[in-house]
Amino acid sequence: MPRVHLSLDPAFTIGPVRRRLFGGFVEHLGRHVYDGIHEPNHPTADEQGFRQDVIELVKELGVTTIRYPGGNFVSGYNWEDGVGPVDQRPRRLDLAWHATETNQVGLHEFSHWLDQVGSDLMLAVNLGTRGTKEAIELLEYTNVPGGTTRSEERKANGRERPFDVRMWCLGNEMDGPWQLGHRNAVDYGKLASRTAKAMRQIDPDIDLVACGSSGRGMPTFGAWEREVLEQTYDDVDYISCHAYYEEKDGDLVSFLSSGIDMDQFIRSVVETADHVKAARKSDKTIEISFDEWNVWYITDWEAQQKTYTIDEWPIAPRQLEDIYSVADAVAFGGLMITLLNHADRVASASLAQLVNVIAPIMTEPNGPAWRQTTFFPFSLTSQLAQGQALKVAIDGDTIDTPVYGAVPVVDAAATTDGERTSVFLINRSTDAATTVTLDLGRLGASATGSVSAQGIWDDDVHAKNTLEDTERVGLRTNDTATFEDGTLTIELPATSWTAVTIG
Ligand code: AHR
(Lines give C-alpha, C1' and ligand atoms only; values in the text may rest on other atoms or scores of the structure.)
Protein backbone atom coordinates (compact mmCIF):
# COMPACT_ATOMS: atom_id res chain seq x y z
CA MET A 1 0.00 0.00 0.00
CA PRO A 2 1.48 3.43 -0.90
CA ARG A 3 2.32 5.66 2.07
CA VAL A 4 2.55 9.44 2.32
CA HIS A 5 3.51 11.70 5.22
CA LEU A 6 2.26 15.28 5.38
CA SER A 7 3.75 18.08 7.47
CA LEU A 8 2.02 21.32 8.34
CA ASP A 9 3.14 24.29 10.33
CA PRO A 10 0.74 27.15 11.06
CA ALA A 11 3.65 29.56 10.69
CA PHE A 12 4.14 28.58 7.04
CA THR A 13 1.23 30.26 5.35
CA ILE A 14 0.58 30.77 1.66
CA GLY A 15 -1.99 33.52 2.06
CA PRO A 16 -5.53 34.26 3.13
CA VAL A 17 -8.32 32.15 1.66
CA ARG A 18 -10.26 34.86 -0.14
CA ARG A 19 -13.96 34.12 -0.56
CA ARG A 20 -13.85 35.00 -4.23
CA LEU A 21 -11.89 31.78 -4.73
CA PHE A 22 -15.25 30.01 -4.56
CA GLY A 23 -16.90 31.95 -7.35
CA GLY A 24 -19.11 30.65 -10.15
CA PHE A 25 -20.09 31.57 -13.67
CA VAL A 26 -23.50 31.91 -15.33
CA GLU A 27 -23.48 32.33 -19.10
CA HIS A 28 -26.45 32.72 -21.42
CA LEU A 29 -25.73 29.34 -22.97
CA GLY A 30 -27.91 26.30 -23.60
CA ARG A 31 -30.28 25.60 -20.69
CA HIS A 32 -28.26 27.52 -18.14
CA VAL A 33 -30.42 30.60 -17.73
CA TYR A 34 -33.60 29.60 -19.59
CA ASP A 35 -34.96 26.23 -18.42
CA GLY A 36 -32.19 26.15 -15.82
CA ILE A 37 -32.30 28.90 -13.21
CA HIS A 38 -35.32 30.54 -14.91
CA GLU A 39 -38.38 28.43 -15.69
CA PRO A 40 -41.57 30.45 -15.08
CA ASN A 41 -43.89 27.44 -15.36
CA HIS A 42 -41.98 25.28 -12.91
CA PRO A 43 -43.92 24.50 -9.69
CA THR A 44 -41.16 26.09 -7.56
CA ALA A 45 -40.81 29.28 -9.66
CA ASP A 46 -41.07 32.63 -7.87
CA GLU A 47 -43.00 35.64 -9.24
CA GLN A 48 -40.05 36.45 -11.54
CA GLY A 49 -39.83 32.90 -12.85
CA PHE A 50 -36.76 31.68 -10.92
CA ARG A 51 -36.75 28.11 -9.65
CA GLN A 52 -36.53 28.03 -5.87
CA ASP A 53 -35.24 24.44 -5.84
CA VAL A 54 -32.25 25.60 -7.92
CA ILE A 55 -31.71 28.61 -5.66
CA GLU A 56 -31.57 26.28 -2.63
CA LEU A 57 -28.94 24.10 -4.31
CA VAL A 58 -26.84 27.11 -5.37
CA LYS A 59 -26.93 28.34 -1.76
CA GLU A 60 -25.85 24.92 -0.53
CA LEU A 61 -23.03 24.89 -3.08
CA GLY A 62 -21.55 27.93 -1.32
CA VAL A 63 -20.70 29.91 -4.41
CA THR A 64 -19.54 33.49 -3.80
CA THR A 65 -18.99 35.93 -6.71
CA ILE A 66 -20.74 34.95 -9.96
CA ARG A 67 -19.41 36.00 -13.37
CA TYR A 68 -22.11 36.99 -15.88
CA PRO A 69 -23.32 36.95 -18.72
CA GLY A 70 -20.44 35.20 -20.57
CA GLY A 71 -18.17 33.69 -21.78
CA ASN A 72 -18.26 33.68 -25.53
CA PHE A 73 -21.83 34.99 -25.36
CA VAL A 74 -20.76 38.38 -24.01
CA SER A 75 -18.70 39.18 -27.10
CA GLY A 76 -21.91 39.69 -29.11
CA TYR A 77 -24.16 40.92 -26.31
CA ASN A 78 -25.95 44.29 -26.07
CA TRP A 79 -26.52 44.83 -22.35
CA GLU A 80 -29.29 47.32 -23.17
CA ASP A 81 -31.33 44.48 -24.69
CA GLY A 82 -31.64 42.96 -21.22
CA VAL A 83 -33.10 46.00 -19.39
CA GLY A 84 -36.49 47.72 -19.56
CA PRO A 85 -39.92 46.14 -19.96
CA VAL A 86 -39.48 42.41 -20.48
CA ASP A 87 -42.24 42.13 -23.09
CA GLN A 88 -40.55 44.75 -25.27
CA ARG A 89 -37.10 43.22 -25.31
CA PRO A 90 -35.59 42.20 -28.65
CA ARG A 91 -34.90 38.64 -29.71
CA ARG A 92 -31.34 38.39 -31.00
CA LEU A 93 -29.12 35.88 -32.72
CA ASP A 94 -26.56 34.49 -30.30
CA LEU A 95 -23.69 33.87 -32.70
CA ALA A 96 -21.43 32.31 -30.08
CA TRP A 97 -23.74 29.35 -29.41
CA HIS A 98 -25.97 29.54 -32.48
CA ALA A 99 -29.16 30.11 -30.54
CA THR A 100 -31.92 32.70 -30.10
CA GLU A 101 -31.49 35.02 -27.12
CA THR A 102 -34.92 36.15 -25.92
CA ASN A 103 -33.57 38.60 -23.31
CA GLN A 104 -36.24 37.57 -20.83
CA VAL A 105 -33.48 37.59 -18.22
CA GLY A 106 -31.07 40.54 -18.04
CA LEU A 107 -29.24 42.58 -15.44
CA HIS A 108 -32.21 43.33 -13.16
CA GLU A 109 -33.60 39.81 -13.16
CA PHE A 110 -30.19 38.24 -12.65
CA SER A 111 -29.47 40.60 -9.77
CA HIS A 112 -32.81 39.60 -8.18
CA TRP A 113 -31.69 35.95 -8.47
CA LEU A 114 -28.26 36.76 -6.97
CA ASP A 115 -29.90 38.47 -4.00
CA GLN A 116 -31.74 35.24 -3.29
CA VAL A 117 -28.69 33.00 -3.59
CA GLY A 118 -26.58 35.48 -1.59
CA SER A 119 -23.80 35.90 -4.17
CA ASP A 120 -22.08 38.96 -5.63
CA LEU A 121 -22.19 40.00 -9.28
CA MET A 122 -19.06 40.06 -11.45
CA LEU A 123 -19.84 41.52 -14.88
CA ALA A 124 -18.07 41.04 -18.19
CA VAL A 125 -18.21 43.80 -20.79
CA ASN A 126 -18.38 43.17 -24.52
CA LEU A 127 -15.04 44.09 -26.10
CA GLY A 128 -15.75 41.86 -29.10
CA THR A 129 -18.42 43.60 -31.19
CA ARG A 130 -18.51 46.68 -28.93
CA GLY A 131 -16.06 48.85 -27.03
CA THR A 132 -15.25 51.54 -24.47
CA LYS A 133 -18.41 53.61 -24.95
CA GLU A 134 -20.80 50.74 -24.23
CA ALA A 135 -18.70 49.59 -21.28
CA ILE A 136 -18.77 52.99 -19.57
CA GLU A 137 -22.49 53.37 -20.22
CA LEU A 138 -23.07 50.01 -18.54
CA LEU A 139 -20.93 51.09 -15.58
CA GLU A 140 -22.86 54.37 -15.37
CA TYR A 141 -26.07 52.32 -15.37
CA THR A 142 -24.91 49.92 -12.64
CA ASN A 143 -22.83 52.06 -10.28
CA VAL A 144 -23.72 55.79 -10.53
CA PRO A 145 -26.26 56.69 -7.80
CA GLY A 146 -28.39 58.98 -10.01
CA GLY A 147 -28.75 62.26 -11.88
CA THR A 148 -27.49 61.03 -15.27
CA THR A 149 -29.32 59.51 -18.21
CA ARG A 150 -28.16 55.93 -17.65
CA SER A 151 -28.48 55.96 -13.86
CA GLU A 152 -31.97 57.48 -14.08
CA GLU A 153 -32.85 54.84 -16.65
CA ARG A 154 -31.89 52.20 -14.10
CA LYS A 155 -34.18 53.82 -11.55
CA ALA A 156 -37.02 54.04 -14.07
CA ASN A 157 -36.49 50.31 -14.64
CA GLY A 158 -37.19 49.66 -10.98
CA ARG A 159 -33.79 49.74 -9.29
CA GLU A 160 -33.32 52.80 -7.09
CA ARG A 161 -30.00 51.79 -5.51
CA PRO A 162 -26.95 51.21 -7.74
CA PHE A 163 -26.05 47.59 -8.39
CA ASP A 164 -22.57 48.59 -7.18
CA VAL A 165 -20.72 45.95 -9.21
CA ARG A 166 -17.17 45.60 -7.88
CA MET A 167 -15.47 43.22 -10.30
CA TRP A 168 -15.39 43.56 -14.10
CA CYS A 169 -13.92 41.45 -16.89
CA LEU A 170 -12.60 43.42 -19.87
CA GLY A 171 -13.98 41.08 -22.53
CA ASN A 172 -13.68 37.32 -22.78
CA GLU A 173 -11.02 35.06 -24.36
CA MET A 174 -10.00 37.71 -26.88
CA ASP A 175 -7.05 35.53 -27.97
CA GLY A 176 -9.39 32.84 -29.31
CA PRO A 177 -10.06 32.78 -33.08
CA TRP A 178 -13.62 31.61 -32.26
CA GLN A 179 -14.29 34.80 -30.30
CA LEU A 180 -16.38 37.53 -31.91
CA GLY A 181 -14.01 40.47 -32.28
CA HIS A 182 -10.92 38.31 -31.71
CA ARG A 183 -7.75 40.38 -32.04
CA ASN A 184 -4.03 40.24 -31.38
CA ALA A 185 -2.55 40.91 -27.94
CA VAL A 186 -1.38 44.45 -28.61
CA ASP A 187 -4.69 45.52 -30.16
CA TYR A 188 -6.67 43.92 -27.35
CA GLY A 189 -4.30 45.34 -24.72
CA LYS A 190 -4.72 48.88 -26.07
CA LEU A 191 -8.51 48.53 -26.12
CA ALA A 192 -8.56 47.03 -22.61
CA SER A 193 -6.30 49.82 -21.33
CA ARG A 194 -8.46 52.58 -22.86
CA THR A 195 -11.62 50.96 -21.51
CA ALA A 196 -10.15 50.42 -18.04
CA LYS A 197 -9.01 54.06 -17.80
CA ALA A 198 -12.45 55.28 -18.85
CA MET A 199 -14.21 52.97 -16.40
CA ARG A 200 -11.99 54.13 -13.55
CA GLN A 201 -12.88 57.74 -14.36
CA ILE A 202 -16.41 56.76 -13.33
CA ASP A 203 -15.57 54.44 -10.42
CA PRO A 204 -11.90 54.34 -9.35
CA ASP A 205 -12.45 51.49 -6.90
CA ILE A 206 -13.63 48.74 -9.24
CA ASP A 207 -11.52 45.59 -9.73
CA LEU A 208 -10.61 45.00 -13.37
CA VAL A 209 -9.60 41.78 -15.09
CA ALA A 210 -7.67 41.71 -18.37
CA CYS A 211 -8.11 38.65 -20.58
CA GLY A 212 -5.28 36.18 -20.35
CA SER A 213 -5.07 33.21 -22.70
CA SER A 214 -8.11 31.02 -23.14
CA GLY A 215 -5.91 28.06 -22.30
CA ARG A 216 -2.31 27.11 -21.59
CA GLY A 217 -2.24 25.23 -24.89
CA MET A 218 -2.92 28.30 -27.02
CA PRO A 219 -0.06 28.98 -29.48
CA THR A 220 0.23 32.56 -28.19
CA PHE A 221 0.23 31.56 -24.48
CA GLY A 222 2.88 33.47 -22.54
CA ALA A 223 3.50 36.08 -25.22
CA TRP A 224 -0.19 37.01 -24.99
CA GLU A 225 -0.03 37.61 -21.23
CA ARG A 226 3.19 39.62 -21.55
CA GLU A 227 1.96 41.81 -24.40
CA VAL A 228 -1.46 42.40 -22.83
CA LEU A 229 0.10 43.33 -19.48
CA GLU A 230 2.64 45.61 -21.16
CA GLN A 231 -0.37 47.59 -22.42
CA THR A 232 -2.57 47.34 -19.30
CA TYR A 233 -0.28 46.90 -16.28
CA ASP A 234 -1.18 50.18 -14.58
CA ASP A 235 -4.87 49.90 -15.44
CA VAL A 236 -5.93 46.43 -14.27
CA ASP A 237 -5.76 44.33 -11.11
CA TYR A 238 -5.99 40.80 -12.50
CA ILE A 239 -5.12 38.71 -15.52
CA SER A 240 -7.48 35.83 -16.24
CA CYS A 241 -6.74 32.12 -16.63
CA HIS A 242 -9.12 29.57 -18.18
CA ALA A 243 -8.61 25.80 -18.04
CA TYR A 244 -10.76 22.74 -18.70
CA TYR A 245 -9.69 19.15 -18.14
CA GLU A 246 -11.02 15.78 -19.32
CA GLU A 247 -10.05 12.12 -19.19
CA LYS A 248 -8.53 11.27 -22.57
CA ASP A 249 -7.98 7.81 -24.09
CA GLY A 250 -8.82 6.06 -20.82
CA ASP A 251 -5.78 7.62 -19.09
CA LEU A 252 -7.41 8.07 -15.69
CA VAL A 253 -4.24 8.53 -13.64
CA SER A 254 -3.10 11.50 -15.75
CA PHE A 255 -6.60 12.97 -15.57
CA LEU A 256 -6.53 12.67 -11.77
CA SER A 257 -3.25 14.61 -11.92
CA SER A 258 -4.74 17.55 -13.85
CA GLY A 259 -3.90 19.78 -10.87
CA ILE A 260 -0.26 19.51 -11.97
CA ASP A 261 -1.08 21.19 -15.27
CA MET A 262 -3.11 23.86 -13.49
CA ASP A 263 -0.23 24.43 -11.09
CA GLN A 264 2.23 24.92 -13.97
CA PHE A 265 -0.26 27.20 -15.70
CA ILE A 266 -0.58 29.43 -12.63
CA ARG A 267 3.19 29.51 -12.06
CA SER A 268 3.79 30.53 -15.69
CA VAL A 269 1.27 33.35 -15.56
CA VAL A 270 2.66 34.59 -12.23
CA GLU A 271 6.19 34.53 -13.67
CA THR A 272 5.07 36.40 -16.79
CA ALA A 273 3.19 39.04 -14.79
CA ASP A 274 6.20 39.47 -12.50
CA HIS A 275 8.49 39.78 -15.51
CA VAL A 276 6.40 42.73 -16.74
CA LYS A 277 6.43 44.12 -13.19
CA ALA A 278 10.25 43.92 -13.05
CA ALA A 279 10.72 45.44 -16.49
CA ARG A 280 8.48 48.37 -15.50
CA LYS A 281 10.11 48.68 -12.05
CA SER A 282 6.59 48.70 -10.71
CA ASP A 283 5.52 48.27 -7.08
CA LYS A 284 2.20 46.87 -8.15
CA THR A 285 1.55 43.10 -8.27
CA ILE A 286 -0.97 41.65 -10.71
CA GLU A 287 -3.05 38.77 -9.34
CA ILE A 288 -4.93 36.00 -11.12
CA SER A 289 -8.63 35.70 -11.72
CA PHE A 290 -9.02 32.01 -12.66
CA ASP A 291 -12.42 32.87 -14.04
CA GLU A 292 -13.13 29.65 -15.92
CA TRP A 293 -12.11 26.21 -14.63
CA ASN A 294 -13.76 22.81 -14.60
CA VAL A 295 -13.85 19.32 -16.04
CA TRP A 296 -15.31 19.56 -19.57
CA TYR A 297 -15.42 16.81 -22.19
CA ILE A 298 -14.60 19.37 -24.85
CA THR A 299 -13.26 16.75 -27.28
CA ASP A 300 -16.71 15.09 -27.39
CA TRP A 301 -18.37 18.48 -27.76
CA GLU A 302 -16.11 19.50 -30.65
CA ALA A 303 -16.77 16.16 -32.39
CA GLN A 304 -20.54 16.79 -32.15
CA GLN A 305 -20.38 20.20 -33.81
CA LYS A 306 -22.48 20.45 -36.93
CA THR A 307 -23.18 22.99 -39.63
CA TYR A 308 -26.38 24.91 -38.94
CA THR A 309 -28.79 26.21 -41.56
CA ILE A 310 -29.86 29.89 -41.66
CA ASP A 311 -33.19 29.14 -39.96
CA GLU A 312 -31.83 27.02 -37.09
CA TRP A 313 -31.64 29.28 -34.02
CA PRO A 314 -33.14 27.27 -31.14
CA ILE A 315 -34.08 28.75 -27.78
CA ALA A 316 -32.25 27.18 -24.84
CA PRO A 317 -31.09 24.02 -26.62
CA ARG A 318 -29.39 21.25 -24.65
CA GLN A 319 -25.69 22.15 -24.99
CA LEU A 320 -22.59 21.16 -23.00
CA GLU A 321 -24.65 19.02 -20.61
CA ASP A 322 -21.80 16.88 -19.33
CA ILE A 323 -22.79 14.26 -16.77
CA TYR A 324 -20.00 13.88 -14.24
CA SER A 325 -18.65 10.70 -12.70
CA VAL A 326 -16.94 9.95 -9.40
CA ALA A 327 -13.58 10.10 -11.22
CA ASP A 328 -14.49 13.54 -12.59
CA ALA A 329 -15.28 14.73 -9.06
CA VAL A 330 -11.91 13.48 -7.79
CA ALA A 331 -10.02 15.29 -10.57
CA PHE A 332 -12.18 18.36 -9.86
CA GLY A 333 -11.33 18.20 -6.14
CA GLY A 334 -7.68 18.06 -7.19
CA LEU A 335 -8.11 21.31 -9.13
CA MET A 336 -9.54 22.97 -6.01
CA ILE A 337 -6.48 21.77 -4.08
CA THR A 338 -4.25 23.50 -6.64
CA LEU A 339 -6.26 26.73 -6.41
CA LEU A 340 -5.91 26.72 -2.60
CA ASN A 341 -2.17 26.11 -2.91
CA HIS A 342 -1.93 29.34 -4.92
CA ALA A 343 -4.08 31.42 -2.59
CA ASP A 344 -1.34 34.06 -2.52
CA ARG A 345 -1.78 34.94 -6.21
CA VAL A 346 -5.11 33.45 -7.28
CA ALA A 347 -7.40 36.06 -5.77
CA SER A 348 -10.56 34.92 -7.49
CA ALA A 349 -11.79 31.84 -9.35
CA SER A 350 -15.06 31.01 -11.11
CA LEU A 351 -16.27 27.46 -11.52
CA ALA A 352 -17.53 27.29 -15.11
CA GLN A 353 -20.44 26.85 -14.98
CA LEU A 354 -23.32 26.44 -12.46
CA VAL A 355 -26.53 24.92 -13.84
CA ASN A 356 -27.01 22.39 -16.69
CA VAL A 357 -24.03 23.66 -18.72
CA ILE A 358 -20.85 21.80 -17.56
CA ALA A 359 -22.42 22.26 -14.16
CA PRO A 360 -22.54 20.91 -10.61
CA ILE A 361 -26.35 21.30 -10.67
CA MET A 362 -28.72 19.75 -13.22
CA THR A 363 -32.41 20.38 -13.82
CA GLU A 364 -35.18 18.86 -15.86
CA PRO A 365 -37.98 21.09 -17.23
CA ASN A 366 -40.98 20.72 -14.94
CA GLY A 367 -38.93 18.14 -13.05
CA PRO A 368 -36.29 17.86 -10.34
CA ALA A 369 -33.00 19.65 -9.73
CA TRP A 370 -30.09 17.57 -8.48
CA ARG A 371 -26.43 17.58 -7.49
CA GLN A 372 -23.80 16.24 -9.86
CA THR A 373 -20.74 14.48 -8.39
CA THR A 374 -18.66 17.66 -8.71
CA PHE A 375 -21.10 19.47 -6.41
CA PHE A 376 -19.65 17.73 -3.37
CA PRO A 377 -15.97 18.70 -3.45
CA PHE A 378 -16.94 22.28 -4.28
CA SER A 379 -19.49 22.69 -1.49
CA LEU A 380 -17.32 21.05 1.15
CA THR A 381 -14.19 23.00 0.20
CA SER A 382 -16.11 26.28 0.12
CA GLN A 383 -17.54 25.50 3.56
CA LEU A 384 -14.34 24.23 5.24
CA ALA A 385 -11.52 26.27 3.70
CA GLN A 386 -11.27 29.25 6.04
CA GLY A 387 -8.59 31.58 7.34
CA GLN A 388 -5.10 31.01 5.95
CA ALA A 389 -3.96 28.50 3.34
CA LEU A 390 -0.98 26.56 4.76
CA LYS A 391 1.96 25.03 2.92
CA VAL A 392 1.77 21.23 2.98
CA ALA A 393 5.04 19.33 2.70
CA ILE A 394 4.34 16.00 0.98
CA ASP A 395 6.79 13.17 1.47
CA GLY A 396 6.12 9.68 0.18
CA ASP A 397 5.35 7.44 -2.75
CA THR A 398 4.93 8.61 -6.30
CA ILE A 399 2.96 7.18 -9.17
CA ASP A 400 3.78 7.08 -12.88
CA THR A 401 1.50 8.98 -15.24
CA PRO A 402 1.72 8.96 -19.05
CA VAL A 403 1.29 12.74 -19.27
CA TYR A 404 3.16 14.12 -16.23
CA GLY A 405 5.71 11.39 -15.46
CA ALA A 406 6.16 10.46 -11.77
CA VAL A 407 3.88 12.53 -9.51
CA PRO A 408 3.12 12.34 -5.77
CA VAL A 409 0.43 9.72 -5.30
CA VAL A 410 -1.38 12.09 -2.95
CA ASP A 411 -1.89 15.81 -3.41
CA ALA A 412 -3.05 18.00 -0.55
CA ALA A 413 -3.94 21.51 0.58
CA ALA A 414 -4.66 22.78 4.08
CA THR A 415 -6.26 25.79 5.72
CA THR A 416 -6.59 26.96 9.29
CA ASP A 417 -8.53 29.67 11.05
CA GLY A 418 -6.75 29.05 14.37
CA GLU A 419 -9.57 26.91 15.73
CA ARG A 420 -10.25 24.54 12.88
CA THR A 421 -7.78 23.06 10.43
CA SER A 422 -8.99 21.44 7.22
CA VAL A 423 -6.92 19.24 4.95
CA PHE A 424 -8.06 18.41 1.40
CA LEU A 425 -6.59 15.31 -0.24
CA ILE A 426 -6.76 13.29 -3.42
CA ASN A 427 -5.44 9.80 -3.90
CA ARG A 428 -4.39 9.55 -7.54
CA SER A 429 -3.77 5.83 -7.41
CA THR A 430 -6.49 4.13 -9.43
CA ASP A 431 -5.96 0.71 -7.85
CA ALA A 432 -4.55 1.10 -4.34
CA ALA A 433 -5.62 2.74 -1.13
CA THR A 434 -2.94 5.06 0.28
CA THR A 435 -2.08 5.49 3.95
CA VAL A 436 -1.55 9.11 4.92
CA THR A 437 -0.04 10.27 8.21
CA LEU A 438 -0.19 13.88 9.30
CA ASP A 439 1.79 15.26 12.20
CA LEU A 440 -0.54 17.65 14.00
CA GLY A 441 1.86 18.54 16.80
CA ARG A 442 2.62 22.02 15.52
CA LEU A 443 -1.00 22.97 15.07
CA GLY A 444 -1.48 23.59 18.80
CA ALA A 445 -5.01 24.59 19.79
CA SER A 446 -6.44 23.86 16.36
CA ALA A 447 -5.44 20.19 16.69
CA THR A 448 -6.99 19.39 20.02
CA GLY A 449 -10.57 18.79 18.94
CA SER A 450 -12.24 16.01 17.07
CA VAL A 451 -11.25 14.66 13.67
CA SER A 452 -13.75 13.94 10.92
CA ALA A 453 -13.31 12.98 7.28
CA GLN A 454 -15.72 13.02 4.37
CA GLY A 455 -15.13 12.46 0.72
CA ILE A 456 -16.08 10.94 -2.57
CA TRP A 457 -15.07 7.53 -3.94
CA ASP A 458 -16.86 4.47 -5.26
CA ASP A 459 -16.19 0.92 -6.46
CA ASP A 460 -17.52 2.17 -9.78
CA VAL A 461 -15.47 5.28 -10.59
CA HIS A 462 -17.82 5.97 -13.50
CA ALA A 463 -20.92 6.14 -11.27
CA LYS A 464 -22.99 9.30 -11.88
CA ASN A 465 -26.11 11.04 -10.66
CA THR A 466 -28.77 11.10 -13.37
CA LEU A 467 -32.43 11.99 -13.78
CA GLU A 468 -33.24 8.33 -13.18
CA ASP A 469 -31.09 8.11 -10.05
CA THR A 470 -30.37 11.60 -8.74
CA GLU A 471 -28.71 10.39 -5.52
CA ARG A 472 -26.54 7.51 -6.71
CA VAL A 473 -23.36 9.35 -5.62
CA GLY A 474 -22.94 11.49 -2.52
CA LEU A 475 -20.48 12.35 0.23
CA ARG A 476 -19.25 9.42 2.32
CA THR A 477 -17.69 9.33 5.75
CA ASN A 478 -14.16 7.96 5.91
CA ASP A 479 -14.07 6.20 9.28
CA THR A 480 -10.47 5.00 8.99
CA ALA A 481 -9.20 8.29 10.48
CA THR A 482 -7.45 7.82 13.86
CA PHE A 483 -5.69 10.38 16.03
CA GLU A 484 -2.96 9.15 18.37
CA ASP A 485 0.06 10.86 19.93
CA GLY A 486 -0.49 13.96 17.83
CA THR A 487 -0.54 12.03 14.55
CA LEU A 488 -3.53 11.65 12.30
CA THR A 489 -3.60 8.49 10.21
CA ILE A 490 -6.11 7.96 7.44
CA GLU A 491 -6.51 5.50 4.62
CA LEU A 492 -7.56 7.12 1.35
CA PRO A 493 -9.42 4.78 -1.03
CA ALA A 494 -8.15 4.48 -4.61
CA THR A 495 -9.39 7.34 -6.86
CA SER A 496 -10.73 9.43 -4.01
CA TRP A 497 -11.09 12.99 -2.81
CA THR A 498 -11.29 13.62 0.95
CA ALA A 499 -11.69 16.56 3.32
CA VAL A 500 -10.40 16.07 6.87
CA THR A 501 -11.42 18.50 9.60
CA ILE A 502 -9.52 18.81 12.85
CA GLY A 503 -10.81 20.93 15.71
O1 AHR B 1 -17.61 27.83 -20.47
C2 AHR B 1 -17.86 27.58 -21.82
C3 AHR B 1 -17.03 28.47 -22.75
O4 AHR B 1 -15.69 28.14 -22.59
C5 AHR B 1 -17.09 29.96 -22.47
O6 AHR B 1 -18.15 30.59 -23.07
C7 AHR B 1 -15.80 30.43 -23.08
O8 AHR B 1 -15.30 31.58 -22.46
C9 AHR B 1 -14.88 29.24 -22.95
O10 AHR B 1 -14.24 28.95 -24.14
Side-chain angles (χ1 to χ4, degrees), residues 23-34 36-37 63 65-77 93-99 101 110 122-129 167-183 188 192 209-221 224-225 228 238-246 258 262 265 288-305 316-324 328 332 335 348-362 372 374 378:
F25 173 31
V26 171
E27 178 165 7
H28 283 244
L29 196 183
R31 295 193 308 123
H32 198 165
V33 174
Y34 309 113
I37 67 175
V63 67
T65 305
I66 299 184
R67 182 171 177 250
Y68 175 83
N72 295 339
F73 171 79
V74 81
S75 295
Y77 183 54
L93 300 181
D94 166 11
L95 303 187
W97 301 106
H98 215 277
E101 172 54 52
F110 190 66
M122 168 179 176
L123 274 179
V125 299
N126 175 357
L127 293 188
T129 59
M167 192 156 176
W168 295 77
C169 300
L170 297 163
N172 177 70
E173 293 191 349
M174 300 306 295
D175 63 322
W178 58 86
Q179 199 72 210
L180 282 168
H182 155 70
R183 58 201 81 198
Y188 164 69
V209 187
C211 290
S213 297
S214 40
R216 185 168 174 241
M218 294 297 286
T220 50
F221 174 65
W224 173 275
E225 280 73 7
V228 166
Y238 307 104
I239 182 98
S240 71
C241 292
H242 291 182
Y244 294 99
Y245 297 94
E246 61 185 305
S258 298
M262 189 189 235
F265 187 0
I288 290 176
S289 167
F290 214 119
D291 49 40
E292 288 189 31
W293 70 270
N294 202 350
V295 172
W296 176 11
Y297 284 84
I298 196 165
T299 311
D300 293 348
W301 175 74
E302 281 170 351
Q304 288 159 14
Q305 290 315 292
R318 289 183 187 258
Q319 289 176 308
L320 281 62
E321 298 202 4
D322 287 15
I323 307 298
Y324 293 117
D328 293 328
F332 179 103
L335 298 174
S348 176
S350 312
L351 165 61
Q353 300 197 13
L354 271 189
V355 179
N356 289 334
V357 172
I358 47 172
I361 297 167
M362 295 300 290
Q372 293 234 53
T374 52
F378 190 97

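When a ligand or atom number is given, it counts from 1 through the structure's own listing order. Any value given below was found using the heavy atoms of this structure, including those in side chains, with hydrogens, waters and symmetry copies removed.
- Between Trp168 and Tyr238, the ring centre distance reaches or exceeds 6.0 Å.
- The residues lining ligand 1, counting any heavy atom closer than 4.0 Å, are Phe25, Glu27, Gly71, Asn72, Trp97, Asn172, Glu173, Tyr244, Glu292, Trp296, Gln353, Ile358.
- Between Ile358 and Tyr297, every side-chain heavy-atom pair lies at or beyond the 4.5 Å cut-off.
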Point to revise | Working for side chain to side chain contact (heavy atoms under 4.5 Å, CB included), residues Ile66 and Phe110 | key: CA-CA 10 Å; Ile66 299 184; Phe110 190 66; 4.0 Å; yes
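- For Arg318, the salt bridge (charged side-chain N to carboxylate O under 4.0 Å, His left out) partners at least two apart in sequence or on another chain are Glu321, Glu364.
- Taking Leu180 as the reference, Ser75, Leu95, Thr129 meet the side chain to side chain contact (heavy atoms under 4.5 Å, CB included) condition, with sequence neighbours excluded.
- Here Ala99 pairs with Asp94, Pro317 under the side chain to side chain contact (heavy atoms under 4.5 Å, CB included) rule; sequence neighbours left out.
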